[in-house]
Amino acid sequence: IRSYNALLNAFVVSNQWDRVESFFAYYDTVGLSPNLQTFNVLIKGLCKRRQFDKAKMLLGGMPSHGFTPDRFSYGTILGGLARNGLLLDALELFDEMPQRGVLPDVVCYNILIDGFFKKGDFTKALMVWERLLRGDLVYPNIITYNVMLNGLCKCGKFNESVEIWDRMMKNGHRPDSFTYSTMIHGLCEMGNVDGALRIYSVMNANKFVSDVVTCNALLTGFCRAGRIGECFGLWGSMESSGSRNI
RNA sequence: CGCUGCUGCGCUCGG
């Protein structure tokens, strides 16, 4: 069943809807019963096609097949709604989850926070963040912090992003490569190339390899700031460290 | 560890 699900998922990922349909029908042909994960893959397929009502109906029909929708089922739909800017629908579903017997986990919070930021709704993003902090069952993880830092930087909220960074460190979350590149890019976009360079040196001090992502962010930052000399300096160091991708 | 949901830069091509 795992192998079948993996292949079904591959068809979903590559938007081969005709094959999704025929391959799912094939489960029955060979006498294989779909499991919870199969349903979650199908839900993802409907979301990718923006058929959210069908996705919700499939989710609602799962109990009749003997399955209870789980965090993945809800997270998939929330993610699909959020990706398409339907954040109020996502929030509504999020709020219904407890009554439906599934408590939102940190991934669900991350999806909503990220979605509201990407829609430019800074206020609602913070509202969900506050709800997360207020709760006693779910706690921010490193991805939550990355999402917050990214959103705050894109809104130009430098001071707030520093607060979040400090909170992250205080709670024992180590920055990962996403954290660093998010901050470097965010600071560059705010015109704070020197701040970005400080993060860059912290990153190197923590033995993170400066990869193509961070270097690209810095290169464009230097260029936009008119600091062409440093641009070429970094470019040269990328060659010597072998991180220059073609 | 093995099938399913969340985060970062740039480039290319489409709308």
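In what follows, every heavy atom counts, from backbone to side chain, and hydrogens, waters and symmetry copies are set aside. Treat the numbers as computed from the prediction; the structure is a model and nothing was measured. Order of the sequence lines fixes the chain letters, A, B, ..., with proteins taken first and strands second; residue numbering starts at 1 for each chain.
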Whole angstrom value for the distance that separates P of B:G5 from CG of A:L58: 16 Å
What is the distance, to the nearest angstrom, from the CD1 atom on A:I1 to the C1' atom on B:G2? 14 Å
Set of side chain to side chain donor-acceptor pair (under 3.5 Å) partners for A:E92, sequence neighbours left out: none
Between C1' of B:G2 and CG of A:N35, the distance in whole Å: 14 Å
For A:Y27, what residues pass the side chain to side chain donor-acceptor pair (under 3.5 Å) criterion, not counting sequence neighbours? A:N5
From CH2 of A:W129 over to P of B:U7, roughly how many Å is that when rounded to an integer? 17 Å
Rounding to a whole Å, what distance do you find between A:N141:CG and B:C6:P? 13 Å
Does any pair with a residue in residues 162-172 of chain A pass side-chain hydrogen bond (donor to acceptor under 3.5 Å, both in side chains), and if so which ones, sequence neighbours excluded? A:Y145-A:N171
Could you name each residue pair satisfying side-chain hydrogen bond (donor to acceptor under 3.5 Å, both in side chains) that touches residues 56-68 of chain A, not counting sequence neighbours? none
Using a 4.0 Å cut-off on protein heavy atoms (strictly under), produce a 5'-to-3' string for nucleotides 8-14 of chain B with B for base contact, S for backbone-only sugar-phosphate contact, and - for none. BBS----
Under 4.0 Å, counting only non-hydrogen atoms across every strand here, what does A:C188 touch: a base, just sugar-phosphate, or nothing? nothing
Looking at B:G5, I'd like to know if its phosphate oxygens (OP1 or OP2) sit under 4.0 Å from a side-chain N or O belonging to A:K44. yes
d(CG, A:D105; C1', B:U4) in whole Å: 13 Å
Hydrogens and angles aside, do A:N110 and A:T144 bring a side-chain donor and acceptor to less than 3.5 Å of each other? yes
For A:F67, all residues meeting ring pair (Phe, Tyr, Trp, His ring centres under 6.0 Å), sequence neighbours excluded: A:F39
Mind checking what makes side chain to side chain donor-acceptor pair (under 3.5 Å) contact with A:Q37, not counting sequence neighbours? A:N35
Check ring pair (Phe, Tyr, Trp, His ring centres under 6.0 Å) between A:F116 and all other residues, then give those that pass, not counting sequence neighbours. none
A:M148 CE to B:C6 C1', straight-line distance once rounded to whole Å: 15 Å
Ranking B:C6, B:G5, B:U4 by distance to the side chain of A:I143, first place goes to B:C6
Going by salt bridge (Lys or Arg N to Asp or Glu O under 4.0 Å), name the pairs with one or both residues in residues 123-145 of chain A, residues two or more places apart or in two chains. A:D95-A:R131, A:D121-A:K124
Please list residues of residues 70-79 of chain A whose heavy atoms come under 4.0 Å from any atom in RNA chain B, ordered by number; otherwise none. A:R71, A:F72, A:G75, A:T76
Excluding sequence neighbours, so at least two apart, what forms side chain to side chain donor-acceptor pair (under 3.5 Å) with A:D70? A:N40, A:S73
Give the residues of residues 14-23 of chain A touching RNA chain B, defined as any heavy atom closer than 4.0 Å, sorted by residue number. none
Please give, in whole Å, the distance from B:C6 P to A:D176 CG? 16 Å
Less than 4.5 Å apart, any side-chain heavy atom of A:V20 and any of A:W17? yes
